[in-house]
Amino acid sequence: MWKLPETRSETAFEDYKAPYDTQQALTEASRCLYCHDAPCIKACPTGIDIPNFIRKIATGNVKGSARTIFSSNILGASCARVCPVEVLCVGDCVYNAAGVPPIQIGRLQRYATDAAVEAGWRFFEAGPSSGKTVALIGAGPASLAAAHELRRQGHACVIFEKGQVPGGLNVTGVAPYKLRAEGAKAEMDWLLGIGGIDIRLGVEVGKDVSWDALQGYDAVFLGVGLGPDRLLGGELAGVHGAVAWIEKMKLGKVDLGAVREAIVLGGGNTAIDCVRELLGLGVPGVTMVYRRTEADMSGYAHEWEAARKYGAKVVWQAAPVAYVGDGAVRAVRCKTPAGEVDLPADLVLVAIGQAKLGDTLARLGVSVEGGRVVVDASGATSRKGWFAGGDLANGGKEVVNAVAEGKRAAAGIHAFLTGGGHA
(Lines give C-alpha, C1' and ligand atoms only; values in the text may rest on other atoms or scores of the structure.)
Protein backbone atom coordinates (compact mmCIF):
# COMPACT_ATOMS: atom_id res chain seq x y z
CA MET A 1 0.00 0.00 0.00
CA TRP A 2 1.43 3.37 -1.00
CA LYS A 3 1.81 6.09 1.57
CA LEU A 4 1.95 9.86 1.46
CA PRO A 5 4.90 11.70 3.01
CA GLU A 6 3.93 13.00 6.43
CA THR A 7 5.67 16.34 5.92
CA ARG A 8 4.06 18.26 3.07
CA SER A 9 3.72 21.99 2.43
CA GLU A 10 0.11 21.53 1.35
CA THR A 11 -0.97 20.78 4.93
CA ALA A 12 -0.73 24.51 5.66
CA PHE A 13 -4.01 25.00 3.79
CA GLU A 14 -7.54 24.71 5.11
CA ASP A 15 -10.62 24.14 2.97
CA TYR A 16 -11.63 27.19 0.97
CA LYS A 17 -15.24 25.95 1.08
CA ALA A 18 -15.89 24.47 4.51
CA PRO A 19 -17.92 21.26 4.66
CA TYR A 20 -21.56 21.39 5.73
CA ASP A 21 -22.69 19.98 9.03
CA THR A 22 -25.97 18.05 9.13
CA GLN A 23 -28.17 21.05 9.87
CA GLN A 24 -26.57 23.14 7.14
CA ALA A 25 -26.99 20.31 4.63
CA LEU A 26 -30.65 19.81 5.53
CA THR A 27 -31.34 23.53 5.30
CA GLU A 28 -29.67 23.90 1.91
CA ALA A 29 -31.22 20.71 0.51
CA SER A 30 -34.68 21.92 1.49
CA ARG A 31 -34.28 24.97 -0.78
CA CYS A 32 -33.96 22.82 -3.91
CA LEU A 33 -36.97 22.89 -6.27
CA TYR A 34 -36.18 19.34 -7.46
CA CYS A 35 -36.74 20.45 -11.06
CA HIS A 36 -38.14 17.77 -13.34
CA ASP A 37 -36.15 19.00 -16.35
CA ALA A 38 -33.17 20.03 -14.27
CA PRO A 39 -30.59 22.13 -16.15
CA CYS A 40 -28.01 21.28 -13.47
CA ILE A 41 -28.00 17.64 -14.62
CA LYS A 42 -27.31 18.67 -18.20
CA ALA A 43 -24.44 20.85 -17.02
CA CYS A 44 -22.73 17.91 -15.28
CA PRO A 45 -20.41 15.96 -17.62
CA THR A 46 -21.15 12.76 -15.67
CA GLY A 47 -24.92 13.38 -15.63
CA ILE A 48 -25.46 13.00 -11.88
CA ASP A 49 -29.17 13.05 -10.96
CA ILE A 50 -28.72 16.14 -8.82
CA PRO A 51 -32.33 16.77 -7.71
CA ASN A 52 -32.62 13.11 -6.70
CA PHE A 53 -29.50 13.09 -4.53
CA ILE A 54 -30.44 16.39 -2.93
CA ARG A 55 -33.98 15.19 -2.15
CA LYS A 56 -32.49 12.16 -0.40
CA ILE A 57 -30.34 14.41 1.78
CA ALA A 58 -33.43 16.43 2.66
CA THR A 59 -35.23 13.25 3.77
CA GLY A 60 -32.26 12.00 5.80
CA ASN A 61 -31.25 9.26 3.35
CA VAL A 62 -27.58 10.17 3.09
CA LYS A 63 -26.55 6.66 2.07
CA GLY A 64 -29.04 6.66 -0.79
CA SER A 65 -27.84 10.10 -1.80
CA ALA A 66 -24.24 8.90 -2.00
CA ARG A 67 -25.31 5.86 -4.04
CA THR A 68 -27.04 8.13 -6.55
CA ILE A 69 -23.91 10.26 -6.92
CA PHE A 70 -21.43 7.39 -7.20
CA SER A 71 -23.63 5.54 -9.69
CA SER A 72 -22.84 8.33 -12.15
CA ASN A 73 -19.45 9.49 -10.89
CA ILE A 74 -17.30 7.10 -8.88
CA LEU A 75 -14.96 10.00 -8.07
CA GLY A 76 -17.86 12.09 -6.83
CA ALA A 77 -16.13 12.90 -3.54
CA SER A 78 -13.18 14.67 -5.15
CA CYS A 79 -15.33 16.23 -7.86
CA ALA A 80 -17.52 17.74 -5.13
CA ARG A 81 -14.46 19.73 -4.09
CA VAL A 82 -12.60 20.40 -7.33
CA CYS A 83 -15.33 20.86 -9.93
CA PRO A 84 -15.79 24.45 -11.11
CA VAL A 85 -19.45 24.25 -10.11
CA GLU A 86 -19.83 27.99 -10.67
CA VAL A 87 -19.64 27.35 -14.43
CA LEU A 88 -21.26 23.90 -14.39
CA CYS A 89 -24.18 22.70 -12.23
CA VAL A 90 -24.41 25.66 -9.84
CA GLY A 91 -24.02 28.06 -12.73
CA ASP A 92 -27.08 26.52 -14.40
CA CYS A 93 -29.29 26.37 -11.29
CA VAL A 94 -32.69 27.92 -12.08
CA TYR A 95 -32.39 30.18 -9.04
CA ASN A 96 -29.76 32.25 -10.88
CA ALA A 97 -32.40 33.55 -13.29
CA ALA A 98 -34.59 34.58 -10.35
CA GLY A 99 -31.86 36.53 -8.63
CA VAL A 100 -31.79 34.01 -5.76
CA PRO A 101 -28.57 32.38 -4.51
CA PRO A 102 -28.17 29.06 -6.36
CA ILE A 103 -28.22 25.73 -4.58
CA GLN A 104 -24.73 24.85 -3.33
CA ILE A 105 -24.66 21.54 -5.17
CA GLY A 106 -20.97 20.84 -4.70
CA ARG A 107 -21.11 21.25 -0.94
CA LEU A 108 -24.18 19.02 -0.71
CA GLN A 109 -22.43 16.43 -2.87
CA ARG A 110 -19.43 16.57 -0.56
CA TYR A 111 -21.68 16.08 2.48
CA ALA A 112 -23.06 12.80 1.10
CA THR A 113 -19.90 11.41 -0.47
CA ASP A 114 -17.66 12.21 2.49
CA ALA A 115 -20.05 10.27 4.71
CA ALA A 116 -19.83 7.28 2.37
CA VAL A 117 -16.05 7.26 2.12
CA GLU A 118 -15.55 7.79 5.86
CA ALA A 119 -18.03 5.03 6.77
CA GLY A 120 -16.74 2.67 4.07
CA TRP A 121 -20.17 2.13 2.56
CA ARG A 122 -19.85 -0.19 -0.42
CA PHE A 123 -22.34 0.16 -3.25
CA PHE A 124 -20.75 -1.86 -6.05
CA GLU A 125 -19.23 -5.31 -6.44
CA ALA A 126 -16.98 -6.84 -9.06
CA GLY A 127 -18.83 -8.91 -11.62
CA PRO A 128 -18.19 -12.59 -12.31
CA SER A 129 -14.81 -13.05 -13.99
CA SER A 130 -14.94 -12.59 -17.75
CA GLY A 131 -11.47 -14.04 -18.26
CA LYS A 132 -10.44 -10.79 -19.93
CA THR A 133 -7.72 -8.38 -18.76
CA VAL A 134 -7.44 -4.72 -19.66
CA ALA A 135 -4.23 -2.68 -19.45
CA LEU A 136 -4.69 0.94 -18.43
CA ILE A 137 -1.83 3.40 -18.88
CA GLY A 138 -1.69 6.12 -16.25
CA ALA A 139 -3.36 6.01 -12.82
CA GLY A 140 -5.27 9.28 -13.00
CA PRO A 141 -9.04 9.86 -12.71
CA ALA A 142 -9.84 8.65 -16.25
CA SER A 143 -8.13 5.29 -15.73
CA LEU A 144 -9.51 4.85 -12.22
CA ALA A 145 -13.06 5.53 -13.40
CA ALA A 146 -12.62 3.16 -16.35
CA ALA A 147 -11.11 0.43 -14.19
CA HIS A 148 -13.92 0.57 -11.66
CA GLU A 149 -16.54 0.25 -14.40
CA LEU A 150 -14.63 -2.62 -16.00
CA ARG A 151 -14.41 -4.48 -12.69
CA ARG A 152 -18.19 -4.24 -12.32
CA GLN A 153 -18.33 -6.09 -15.64
CA GLY A 154 -15.90 -8.75 -14.39
CA HIS A 155 -12.83 -7.73 -16.38
CA ALA A 156 -9.46 -7.77 -14.61
CA CYS A 157 -7.51 -4.51 -14.73
CA VAL A 158 -3.81 -3.70 -14.61
CA ILE A 159 -2.87 -0.02 -14.33
CA PHE A 160 0.67 1.04 -15.21
CA GLU A 161 1.78 4.28 -13.54
CA LYS A 162 5.26 5.71 -14.09
CA GLY A 163 5.11 7.80 -10.92
CA GLN A 164 5.42 6.62 -7.34
CA VAL A 165 1.87 7.59 -6.35
CA PRO A 166 -1.41 6.85 -8.14
CA GLY A 167 -4.26 9.30 -8.56
CA GLY A 168 -2.89 11.65 -11.19
CA LEU A 169 -3.56 15.35 -10.68
CA ASN A 170 -6.12 14.61 -7.95
CA VAL A 171 -3.12 13.76 -5.77
CA THR A 172 -0.31 15.77 -7.32
CA GLY A 173 -1.94 18.80 -8.91
CA VAL A 174 -5.20 19.96 -7.35
CA ALA A 175 -4.93 23.09 -5.24
CA PRO A 176 -4.76 22.00 -1.59
CA TYR A 177 -7.38 24.52 -0.49
CA LYS A 178 -9.77 22.46 -2.65
CA LEU A 179 -8.47 18.93 -2.11
CA ARG A 180 -5.43 17.79 -0.18
CA ALA A 181 -3.62 14.61 -1.16
CA GLU A 182 -4.85 12.61 1.83
CA GLY A 183 -8.45 13.30 0.78
CA ALA A 184 -7.74 12.05 -2.72
CA LYS A 185 -6.01 8.98 -1.27
CA ALA A 186 -8.95 8.16 1.01
CA GLU A 187 -11.33 8.28 -1.96
CA MET A 188 -8.97 6.19 -4.09
CA ASP A 189 -8.57 3.54 -1.38
CA TRP A 190 -12.35 3.38 -1.13
CA LEU A 191 -12.69 3.03 -4.93
CA LEU A 192 -10.05 0.28 -5.05
CA GLY A 193 -12.02 -1.64 -2.44
CA ILE A 194 -13.91 -3.24 -5.31
CA GLY A 195 -10.85 -5.46 -5.76
CA GLY A 196 -9.16 -6.76 -8.89
CA ILE A 197 -7.45 -3.50 -9.88
CA ASP A 198 -3.69 -4.03 -9.91
CA ILE A 199 -1.77 -0.75 -9.86
CA ARG A 200 1.90 -1.08 -10.75
CA LEU A 201 3.80 2.02 -9.64
CA GLY A 202 7.12 3.16 -11.05
CA VAL A 203 6.45 1.38 -14.33
CA GLU A 204 6.64 3.49 -17.50
CA VAL A 205 5.19 1.92 -20.62
CA GLY A 206 7.64 2.32 -23.47
CA LYS A 207 10.57 2.12 -21.06
CA ASP A 208 10.04 -0.41 -18.27
CA VAL A 209 7.35 -2.26 -20.22
CA SER A 210 7.39 -2.22 -24.01
CA TRP A 211 4.41 -1.10 -26.02
CA ASP A 212 4.54 -4.48 -27.76
CA ALA A 213 3.96 -6.18 -24.42
CA LEU A 214 0.48 -4.64 -24.33
CA GLN A 215 -0.53 -7.04 -27.08
CA GLY A 216 -0.86 -9.63 -24.32
CA TYR A 217 -3.91 -7.78 -22.98
CA ASP A 218 -7.41 -8.02 -24.39
CA ALA A 219 -7.83 -4.24 -24.56
CA VAL A 220 -5.87 -1.09 -23.71
CA PHE A 221 -6.99 2.21 -22.22
CA LEU A 222 -4.76 5.27 -22.59
CA GLY A 223 -5.16 7.72 -19.74
CA VAL A 224 -1.71 9.24 -19.42
CA GLY A 225 -2.82 12.88 -19.22
CA LEU A 226 -0.51 15.62 -20.44
CA GLY A 227 3.27 15.86 -20.55
CA PRO A 228 5.75 18.06 -18.67
CA ASP A 229 5.45 21.82 -18.27
CA ARG A 230 6.26 23.97 -21.27
CA LEU A 231 9.13 26.27 -20.38
CA LEU A 232 10.43 29.38 -22.07
CA GLY A 233 14.13 28.51 -22.31
CA GLY A 234 17.11 30.12 -20.65
CA GLU A 235 15.96 29.05 -17.18
CA LEU A 236 17.92 30.06 -14.08
CA ALA A 237 17.79 28.73 -10.55
CA GLY A 238 14.47 29.77 -9.07
CA VAL A 239 12.53 29.18 -12.29
CA HIS A 240 10.20 26.15 -12.20
CA GLY A 241 7.44 24.62 -14.24
CA ALA A 242 4.16 25.24 -12.41
CA VAL A 243 2.84 21.67 -12.48
CA ALA A 244 6.15 20.25 -11.27
CA TRP A 245 6.31 22.84 -8.47
CA ILE A 246 2.74 22.11 -7.35
CA GLU A 247 3.53 18.39 -7.18
CA LYS A 248 6.58 19.09 -5.04
CA MET A 249 4.52 21.31 -2.75
CA LYS A 250 1.74 18.72 -2.40
CA LEU A 251 3.99 15.71 -1.87
CA GLY A 252 6.89 17.33 -0.02
CA LYS A 253 8.25 20.58 1.36
CA VAL A 254 9.05 23.74 -0.57
CA ASP A 255 11.36 26.32 1.02
CA LEU A 256 10.02 29.81 0.40
CA GLY A 257 11.72 31.53 3.32
CA ALA A 258 13.95 33.72 1.15
CA VAL A 259 11.30 34.52 -1.45
CA ARG A 260 9.99 38.07 -1.22
CA GLU A 261 8.67 38.49 -4.77
CA ALA A 262 7.24 35.66 -6.87
CA ILE A 263 6.00 35.83 -10.44
CA VAL A 264 3.62 33.39 -12.08
CA LEU A 265 3.64 33.42 -15.88
CA GLY A 266 0.31 32.57 -17.49
CA GLY A 267 -3.39 33.33 -17.29
CA GLY A 268 -5.03 29.93 -16.90
CA ASN A 269 -6.40 28.09 -13.89
CA THR A 270 -3.02 26.54 -13.07
CA ALA A 271 -1.49 30.00 -12.92
CA ILE A 272 -4.26 31.22 -10.62
CA ASP A 273 -3.82 28.17 -8.38
CA CYS A 274 -0.09 28.92 -8.11
CA VAL A 275 -0.80 32.52 -7.15
CA ARG A 276 -3.17 31.49 -4.38
CA GLU A 277 -0.80 28.77 -3.16
CA LEU A 278 2.18 31.11 -2.97
CA LEU A 279 0.14 33.67 -1.06
CA GLY A 280 -1.16 30.98 1.25
CA LEU A 281 2.38 29.83 1.97
CA GLY A 282 3.37 33.31 3.05
CA VAL A 283 5.16 34.87 0.07
CA PRO A 284 4.73 38.66 0.59
CA GLY A 285 4.47 39.67 -3.06
CA VAL A 286 2.90 37.48 -5.74
CA THR A 287 2.25 38.77 -9.25
CA MET A 288 0.59 37.04 -12.17
CA VAL A 289 2.00 38.12 -15.54
CA TYR A 290 -0.16 37.49 -18.58
CA ARG A 291 0.57 38.43 -22.17
CA ARG A 292 -3.03 39.36 -22.99
CA THR A 293 -5.89 41.19 -21.26
CA GLU A 294 -8.10 40.04 -18.41
CA ALA A 295 -10.93 39.42 -20.87
CA ASP A 296 -8.69 37.00 -22.79
CA MET A 297 -7.52 34.88 -19.87
CA SER A 298 -8.57 31.23 -19.87
CA GLY A 299 -8.72 31.00 -16.08
CA TYR A 300 -12.13 31.13 -14.45
CA ALA A 301 -13.25 34.60 -13.37
CA HIS A 302 -14.44 33.40 -9.95
CA GLU A 303 -11.03 31.83 -9.27
CA TRP A 304 -9.20 35.02 -10.23
CA GLU A 305 -11.53 37.11 -8.07
CA ALA A 306 -10.68 34.89 -5.09
CA ALA A 307 -6.96 35.29 -5.80
CA ARG A 308 -7.29 39.08 -5.86
CA LYS A 309 -9.08 39.00 -2.50
CA TYR A 310 -6.04 37.26 -1.06
CA GLY A 311 -3.74 40.00 -2.34
CA ALA A 312 -2.66 38.82 -5.78
CA LYS A 313 -1.18 41.43 -8.12
CA VAL A 314 -1.23 41.26 -11.90
CA VAL A 315 0.45 42.78 -14.94
CA TRP A 316 -1.66 42.45 -18.07
CA GLN A 317 -0.31 42.55 -21.63
CA ALA A 318 3.21 41.66 -20.56
CA ALA A 319 5.04 39.04 -22.63
CA PRO A 320 8.16 37.58 -20.96
CA VAL A 321 11.24 37.79 -23.18
CA ALA A 322 14.12 36.89 -20.81
CA TYR A 323 15.10 36.08 -17.25
CA VAL A 324 17.49 38.44 -15.50
CA GLY A 325 20.05 37.16 -12.99
CA ASP A 326 23.52 35.75 -12.47
CA GLY A 327 22.98 32.05 -11.79
CA ALA A 328 19.67 32.68 -10.02
CA VAL A 329 16.66 34.62 -11.25
CA ARG A 330 16.29 38.18 -10.00
CA ALA A 331 13.76 39.56 -12.47
CA VAL A 332 11.66 38.74 -15.51
CA ARG A 333 12.06 41.04 -18.49
CA CYS A 334 8.76 41.61 -20.21
CA LYS A 335 7.62 43.37 -23.32
CA THR A 336 4.63 45.63 -22.63
CA PRO A 337 2.74 48.24 -24.65
CA ALA A 338 4.86 50.86 -22.84
CA GLY A 339 8.15 49.12 -23.62
CA GLU A 340 10.38 46.57 -21.88
CA VAL A 341 10.28 46.36 -18.08
CA ASP A 342 12.10 44.20 -15.52
CA LEU A 343 9.77 42.76 -12.89
CA PRO A 344 11.64 41.72 -9.70
CA ALA A 345 11.36 38.05 -8.79
CA ASP A 346 13.09 35.60 -6.45
CA LEU A 347 10.90 32.78 -7.75
CA VAL A 348 9.21 32.26 -11.12
CA LEU A 349 6.58 29.61 -11.86
CA VAL A 350 5.87 29.01 -15.54
CA ALA A 351 2.22 28.11 -16.13
CA ILE A 352 1.88 28.39 -19.90
CA GLY A 353 0.67 24.86 -20.55
CA GLN A 354 1.96 21.31 -20.81
CA ALA A 355 3.31 19.24 -23.65
CA LYS A 356 0.89 16.88 -25.40
CA LEU A 357 1.91 13.24 -25.62
CA GLY A 358 -0.02 12.20 -28.69
CA ASP A 359 2.95 12.23 -31.05
CA THR A 360 4.47 9.15 -29.40
CA LEU A 361 1.22 7.27 -29.84
CA ALA A 362 0.94 8.31 -33.47
CA ARG A 363 3.92 6.08 -34.19
CA LEU A 364 1.93 3.18 -32.71
CA GLY A 365 -0.95 3.51 -35.13
CA VAL A 366 -3.12 5.82 -33.03
CA SER A 367 -4.60 8.80 -34.89
CA VAL A 368 -3.54 12.13 -33.43
CA GLU A 369 -4.65 15.67 -34.26
CA GLY A 370 -3.04 18.70 -32.69
CA GLY A 371 -1.30 16.52 -30.14
CA ARG A 372 -4.57 14.97 -28.97
CA VAL A 373 -5.53 11.35 -29.46
CA VAL A 374 -8.61 11.10 -31.67
CA VAL A 375 -11.45 8.99 -30.24
CA ASP A 376 -14.95 8.17 -31.40
CA ALA A 377 -18.19 8.30 -29.41
CA SER A 378 -17.21 5.14 -27.51
CA GLY A 379 -13.72 6.36 -26.63
CA ALA A 380 -12.14 4.06 -29.22
CA THR A 381 -8.97 5.14 -31.03
CA SER A 382 -8.01 4.22 -34.57
CA ARG A 383 -6.04 1.22 -33.29
CA LYS A 384 -8.23 -1.83 -32.73
CA GLY A 385 -8.83 -2.57 -29.07
CA TRP A 386 -7.22 0.67 -27.87
CA PHE A 387 -9.30 3.35 -26.16
CA ALA A 388 -8.44 6.71 -24.60
CA GLY A 389 -9.85 9.41 -22.37
CA GLY A 390 -8.97 12.31 -20.12
CA ASP A 391 -6.48 15.06 -20.92
CA LEU A 392 -4.71 12.92 -23.55
CA ALA A 393 -7.87 13.04 -25.64
CA ASN A 394 -9.53 16.30 -24.56
CA GLY A 395 -6.40 18.46 -24.35
CA GLY A 396 -6.79 19.34 -20.68
CA LYS A 397 -10.17 19.68 -19.00
CA GLU A 398 -11.60 19.06 -15.54
CA VAL A 399 -11.49 15.94 -13.35
CA VAL A 400 -15.19 15.41 -13.98
CA ASN A 401 -14.55 15.29 -17.75
CA ALA A 402 -11.86 12.66 -17.23
CA VAL A 403 -14.26 10.56 -15.16
CA ALA A 404 -16.98 10.84 -17.78
CA GLU A 405 -14.57 9.84 -20.56
CA GLY A 406 -13.14 6.95 -18.55
CA LYS A 407 -16.63 5.63 -17.89
CA ARG A 408 -17.59 6.03 -21.55
CA ALA A 409 -14.48 4.17 -22.66
CA ALA A 410 -15.18 1.36 -20.19
CA ALA A 411 -18.56 0.84 -21.82
CA GLY A 412 -16.85 0.80 -25.22
CA ILE A 413 -14.22 -1.68 -24.01
CA HIS A 414 -16.88 -3.96 -22.54
CA ALA A 415 -18.78 -3.92 -25.83
CA PHE A 416 -15.56 -4.68 -27.69
CA LEU A 417 -14.64 -7.57 -25.38
CA THR A 418 -18.10 -9.11 -25.58
CA GLY A 419 -18.44 -8.80 -29.33
CA GLY A 420 -20.78 -5.84 -29.32
CA GLY A 421 -18.29 -3.19 -30.39
CA HIS A 422 -16.39 -2.34 -33.56
CA ALA A 423 -13.15 -0.94 -32.15
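No hydrogens, no waters, no symmetry mates; every other heavy atom, side chains included, goes into these values.
Scored by the side-chain hydrogen bond (donor to acceptor under 3.5 Å, both in side chains) test, Ser367 finds Ser382 as partners (sequence neighbours excluded). Scanning for side-chain hydrogen bond (donor to acceptor under 3.5 Å, both in side chains) contacts around Ser78 gives Asn170, Glu187, with sequence neighbours left out. When the side-chain contact (heavy atoms from CB on, under 4.5 Å) test is applied to Thr11, the partners found at least two apart in sequence or on another chain are Arg8, Arg180. By the side-chain hydrogen bond (donor to acceptor under 3.5 Å, both in side chains) test, Glu277 pairs with no residue at all, sequence neighbours left out. Residues passing the side-chain contact (heavy atoms from CB on, under 4.5 Å) test with Gln354 are Leu226, Asp229, Val243, sequence neighbours excluded. Partners of Tyr300 according to the ring-ring contact (aromatic ring centres under 6.0 Å, His included) rule, which considers only residues two or more places apart in sequence or in another chain, are His302. Residues forming a ring-ring contact (aromatic ring centres under 6.0 Å, His included) with Tyr310 (at least two apart in sequence, or on another chain): none. In this structure Asp391 satisfies the salt bridge (Lys or Arg N to Asp or Glu O under 4.0 Å) test with no other residue, sequence neighbours excluded.
There is no side-chain donor-acceptor pair under 3.5 Å between Thr46 and Lys407.
Between Tyr177 and Phe13, the ring planes are tilted. Angles from 30° to 60° get that label.
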Please tabulate, for the side chains in residues 256-268, all donor-acceptor contacts under 3.5 angstrom to protein atoms that are two or more places apart in sequence or on a different chain.
none

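For residues 51-96, the set of pairs meeting the ring pair (Phe, Tyr, Trp, His ring centres under 6.0 Å) definition, not counting sequence neighbours, comprises Phe70-Trp190. Within the structure, the side chain to side chain donor-acceptor pair (under 3.5 Å) test picks out the following pairs touching residues 108-124 (sequence neighbours left out): Asp15-Arg110, Thr22-Tyr111, Arg81-Asp114, Arg110-Asp114. For residues 132-156, the ring pair (Phe, Tyr, Trp, His ring centres under 6.0 Å) pairs, not counting sequence neighbours, are Phe124-His148, His155-His414.
Contact check on Arg152 versus Glu149 returns a salt bridge, with a Lys/Arg side-chain nitrogen under 4.0 Å from an Asp/Glu carboxylate oxygen. Look at Glu369 and Arg372 and you find no salt bridge, because none of the NZ, NE, NH1 or NH2 atoms lies under 4.0 Å from a carboxylate O.
The OH atom of Tyr217 sits 10.0 Å away from the CG atom of Leu136 when rounded to the nearest 0.5 Å. Taking CG of Asn401 as the reference point, atom SG of Cys44 lies at 9.5 Å (rounded to 0.5 Å).
For the pair Glu398 (side chain) and Cys83 (backbone), a donor-acceptor distance under 3.5 Å is absent.
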